[in-house]
Amino acid sequence: MHSNPIEALRHQLATLCHAAQKGVIRLSTPCQVNDMMGWLNMQSVYPRLYWQSRDVGAVEYATLGAVNAFESLAALKADLVALNDIGGQQPDFFGGMAFDPHTPGWAHFPACYFLLPRIELKRHQGGATLSLNLRFDDRCPSAEIAQAHACLDALAAEQPLPRLQPLVYQREDRPSQQEWAAWVGLVTNLDHLVRTPKVVLSRETRLTTPQPPNPWALLSRWQSGAADCFHFGVQLTPSEAFIGCPPEQLYKREGRHLTTEALAGTTHRGRDAPQDQALAAELLGDKKNTLENQCVYQQLLTQLEPLSSQVQMGEAHIVKLRSVQHIRRLIHAELHHSVTDHSLLSSLPPTPAVGGVPRESAMTFIRQHERHQRGWYSGVFGRISHTSSDLAVTIRCAHIDSEMIRLYAGAGIVAGSQPDEEWRELDSKIADIMSLLGMG
């Protein structure tokens with residue numbers, strides 16, 4: 001990135017009259033950027049965050065630092081309400097939530113974490129914008145300006161991302177295939193199915209390696225083959241990253257209109273187009289996979305009914321990803337005026353596509369049997385603002401630290417599920433990332 005945009009923001013900051021300012025002040029300038037992740041990778045300011053929705057031509061965001069950070073939905077809601085009452089800039093907050101806030105998670109990832117970034121680089125079809133966010137209503141103006149200057153001073157020029165090298169690693173699956181078969185047997189036991197028709201079981205694949213890959217280089221490569229997915233990456237600390245290309249939307253909200261989806265039921269891709277179509281038709285007609293999708297959409301409709309004046313569901317169709325294809329049904333709702341993102345995030349996750357049905361009994365089974373920590377895997381990640389929000393379910397992801405890459409995959413276990421078939425489905429779901437690491 002050229003130094004001109006930074007100089008432009010410094011000038012705006014120097015001439016800012018903050019005495020009467022309330023809420024969030026955003027200073028912005030056009031800029032030139034070729035590689036958003038190449039820019040992000042060079043920065044020394046944390047947290048570092050990347051987000052792009054799966055919509056065609058969606059805006060890309062790369063953010064640094066935090067003006068405010070919230071570790072509860074209630075605190076985030078209170079700030080959104082306060083900013084709306086003040087008027088003026090209505091900023092975007094970025095962040096995520098763990099799958100299960102009631103169990104121990106990952107060391108450096110709070111159960112809930114949303115931030116208002118200090119620096120925001122935004123690329124859209126018309127070009128790119130570099131912005132600096134400030135707040136004066138709840139803090140010392142001179143300290144706020146000093147922190148903003150320090151952040152601008154720390155900005156570095158983008159550089160090409162490092163090349164990905166084939167990985168030398170030791171693999172360990174948690175659970176083992178034998179333990180997995182035992183779990184599936186317990187869930188598909190008739191006495192258990194009567195109470196809990198679906199449990200989504202997950203596996204953690206640990207790849208221990210002396211030299212983990214650069215997370216931004218890995219995400220960039222992964223993104224190029226995942227066009228119909230969301231793309232996200234977050235580093236709250238220098239030593240740990242969480243990245244992913246999830247296909248599943250938690251919800252998208254524009255004003256009062258909400259879109260969500262039931263994405264469940266899976267098969268692999270075919271060798272050629274005729275086989276691919278045959279597999280898709282087989283998936284749509286398959287009793288076990290249809291039941292799995294039905295469990296999801298019925299639960300979503302039940303959850304949305306008290307929040308909405310109107311709910312409509314579309315027809316089942318097939319979504320084709322690089323290694324797998326899924327059954328998807330879109331659901332549209334008109335929300336009551338009192339319903340906020342706080343209401344939605346308190347109600348919808350964990351979705352039946354990653355937890356099970358009914359939620360509480362499925363979660364009890366998961367807590368009793370899974371020994372690995374899901375952390376933010378199968379949780380939530382995305383963007384929230386007063387006017388609109390866009391959030392993904394964090395599947396197809398990787399948790400990377402200085403010694404290990406942890407890959408996660410889950411499978412919905414219902415009546416008719418076979419342990420070996422479900423285990424193969426887990427391998428299909430991590431096939432993309434394994435191939436990028438030189439292991440597929």
Subject >> Pairing of Arg322 and Asp276 as salt bridge, 4.0 angstrom limit >> reply: no

Subject >> Exam field: side chain Ser308 to backbone Gln310, donor-acceptor pair closer than 3.5 Å >> reply: no

Subject >> More than 12 heavy atoms of other groups within 6.0 Å of Glu172 CD >> reply: yes

**OP:** Measure centre to centre between the rings of His231 and Trp51, then say whether the value is under 6.0 Å.
**Re:** no

Original post:
Ion pair present between Asp228 and Arg54, side-chain N to carboxylate O less than 4.0 angstrom?
Top reply: no

Original post:
Gln170 side chain to Thr209 main-chain N or O, any donor-acceptor pair under 3.5 Å?
Top reply: no

**OP:** Start with the C-alpha distance between Glu425 and Ser428, add both sets of side-chain angles, then the distance that settles side chain to side chain donor-acceptor pair (under 3.5 Å), and finish with yes or no.
**Re:** CA-CA 5 Å; Glu425 182 180 312; Ser428 294; over 6 Å; no

**OP:** For Arg221 and Ser224, work out which heavy atoms get closest and say how close.
**Re:** O-OG, 2.6 Å

**OP:** Using atom types as modelled and distance alone, determine if a side-chain donor or acceptor of Asp173 lies under 3.5 Å from a backbone N or O of Pro175.
**Re:** no

Subject >> Heavy-atom pair of closest approach, residues Glu248 and Ile395 >> reply: OE1-CD1, 3.7 Å

**OP:** First locate atom CG of Leu321, then atom CZ of Arg396, and finally report the distance between them rounded to the nearest 0.5 Å.
**Re:** 6.5 Å

**OP:** Report yes or no: do Arg48 and Gln235 form a side-chain donor-acceptor pair below 3.5 Å?
**Re:** yes

**OP:** Determine whether the side chains of Glu422 and Ser417 contain a donor N or O and an acceptor N or O closer than 3.5 Å.
**Re:** yes

Subject >> salt_bridge(Arg371, Glu204) N-O dist < 4.0 Å >> reply: no

Subject >> Distance in Å, Leu40 CG paired with Ile119 CD1, rounded so as to fall on 0.5 Å steps >> reply: 12.0 Å

Original post:
Counting N and O atoms only, with roles assigned by atom type, does the side chain of Asn214 sit under 3.5 Å from a partner on the main chain of Pro162, one being a donor and the other an acceptor?
Top reply: no

Subject >> Test side-chain contact (heavy atoms from CB on, under 4.5 Å) applied to Val339 and His342, His337, His336, the passing residue >> reply: His336

Original post:
Hey, is Arg135 close enough to Asp79 for a salt bridge, meaning N to O under 4.0 Å?
Top reply: yes

Subject >> Side chains of His108 and Glu240, donor plus acceptor under 3.5 Å >> reply: yes

Original post:
Does any N or O in the side chain of Arg359 come within less than 3.5 Å of the main-chain N or O of Gly355, such that one atom is a donor and the other an acceptor?
Top reply: no

Subject >> Criterion ring pair (Phe, Tyr, Trp, His ring centres under 6.0 Å) on Trp106 and Phe242, from CA distance to verdict >> reply: CA-CA 11 Å; Trp106 300 337; Phe242 182 47; 5.0 Å; yes

**OP:** Quick one: pull up OH in Tyr408 and CG in Leu426 and give me the separation to the nearest 0.5 Å.
**Re:** 14.0 Å

Subject >> Considering all heavy atoms, the nearest Thr196-Pro358 contact >> reply: CA-CD, 3.9 Å

**OP:** Check for a donor-acceptor pair, side chain of Gln90 on one end and backbone N or O of Leu83 on the other, with a separation under 3.5 Å.
**Re:** yes

Original post:
Can we say Arg383 and Asp390 salt-bridge, meaning some charged N sits less than 4.0 Å from an Asp/Glu carboxylate O?
Top reply: no

**OP:** State whether Arg374 and Asp100 are salt-bridged, where the test is any N-O pair (Lys NZ or Arg NE/NH1/NH2 against Asp/Glu carboxylate O) under 4.0 Å.
**Re:** no

Original post:
Has the side chain of Gln325 got a donor or acceptor atom that lies under 3.5 Å from a matching backbone atom of His268?
Top reply: yes

**OP:** Applying side-chain hydrogen bond (donor to acceptor under 3.5 Å, both in side chains), name anything that partners Thr340, two or more places apart in sequence or on another chain.
**Re:** Ser343

**OP:** State, to 0.1 Å, how close Val357 and Cys295 come at their nearest heavy-atom pair, and which atoms those are.
**Re:** CG2-O, 3.5 Å

Subject >> Side-chain donor-acceptor contact under 3.5 Å, Glu261 with Tyr251 >> reply: no

Original post:
Are Glu370 and Ser202 linked by a side-chain donor-acceptor pair shorter than 3.5 Å?
Top reply: yes

Original post:
Any ion pair linking Arg26 and Glu120 (charged N to carboxylate O, less than 4.0 Å)?
Top reply: yes

**OP:** Using modelled atom types only, decide if a donor and an acceptor are shared between the side chain of His192 and the backbone of Thr188 within a distance under 3.5 Å.
**Re:** no

Original post:
What's the spacing between Leu263 CG and Arg328 CZ if we round to 0.5 Å?
Top reply: 5.5 Å

Original post:
Is a side-chain N or O of Lys122 found less than 3.5 angstrom from the main chain of Leu130, in a donor-acceptor match?
Top reply: no

Original post:
Can Trp222 and Ile433 be said to form a side-chain contact (heavy atoms from CB on, under 4.5 Å), step by step?
Top reply: CA-CA 7 Å; Trp222 198 355; Ile433 183 89; 3.5 Å; yes

Original post:
Rounded to the nearest 0.5 Å, how far does CG of Asp92 lie from OG1 of Thr63?
Top reply: 10.5 Å

Original post:
Are Tyr50 and Phe232 close enough that their ring centres sit under 6.0 Å apart?
Top reply: no

Original post:
Salt bridge between Lys252 and Asp55, side-chain N to carboxylate O under 4.0 Å?
Top reply: yes

**OP:** Could you walk me through whether Ser389 and Arg253 pass the side chain to side chain donor-acceptor pair (under 3.5 Å) test, one step at a time?
**Re:** CA-CA 5 Å; Ser389 300; Arg253 179 186 62 79; 3.2 Å; yes

Original post:
From Gln312 CD over to Thr259 OG1, what is the distance, rounded to the nearest 0.5 angstrom?
Top reply: 11.0 Å

Original post:
Can you list the steps and then say if Thr205 with Arg203 is a side chain to side chain donor-acceptor pair (under 3.5 Å)?
Top reply: CA-CA 6 Å; Thr205 297; Arg203 183 184 75 188; 3.3 Å; yes

Subject >> Nearest atoms (heavy-atom pairs only) where Leu236 meets Pro110 >> reply: CD1-CD, 3.9 Å

Subject >> Donor-acceptor side-chain pairing of Lys320 and Gln277 below 3.5 angstrom >> reply: yes

Original post:
Is Gln275 atom CD crowded by more than 12 heavy atoms from other residues, nucleotides or ligands, each under 6.0 Å away?
Top reply: yes

**OP:** For the pair Leu218 and Leu437, evaluate side-chain contact (heavy atoms from CB on, under 4.5 Å) and give the outcome as yes or no after the intermediate values.
**Re:** CA-CA 8 Å; Leu218 184 56; Leu437 294 166; 3.9 Å; yes

Subject >> Identified side-chain contact (heavy atoms from CB on, under 4.5 Å) partner of Thr267 from the options Ile318, Asp286, Leu283, Ile327 >> reply: Leu283

Original post:
How far apart are the C-alpha atoms of Tyr169 and Thr208, what are their side-chain angles, what is the distance that settles it, and do they pass the side-chain contact (heavy atoms from CB on, under 4.5 Å) test?
Top reply: CA-CA 5 Å; Tyr169 69 98; Thr208 305; over 6 Å; no

Original post:
Are Gln147 and Arg118 close enough that a side-chain donor and a side-chain acceptor fall under 3.5 Å?
Top reply: yes

Original post:
Distance-only, no hydrogens or angles: does the Thr394 side chain make a donor-acceptor pair with backbone N or O of Trp376 under 3.5 Å?
Top reply: yes

Original post:
Is any side-chain heavy atom of Lys429 closer than 4.5 Å to a side-chain heavy atom of Thr266?
Top reply: yes

**OP:** In sequence, state the C-alpha distance, the side-chain angles, and the governing distance for Gln303 and Ser347, and then conclude on side-chain contact (heavy atoms from CB on, under 4.5 Å).
**Re:** CA-CA 7 Å; Gln303 288 170 325; Ser347 172; 4.1 Å; yes

**OP:** Write down the atom of Pro212, the atom of Asp401, and the distance for their closest heavy-atom approach.
**Re:** CG-O, 3.2 Å

Original post:
Quick one: do the Glu179 and Ser176 side chains pair a donor with an acceptor below 3.5 Å?
Top reply: yes

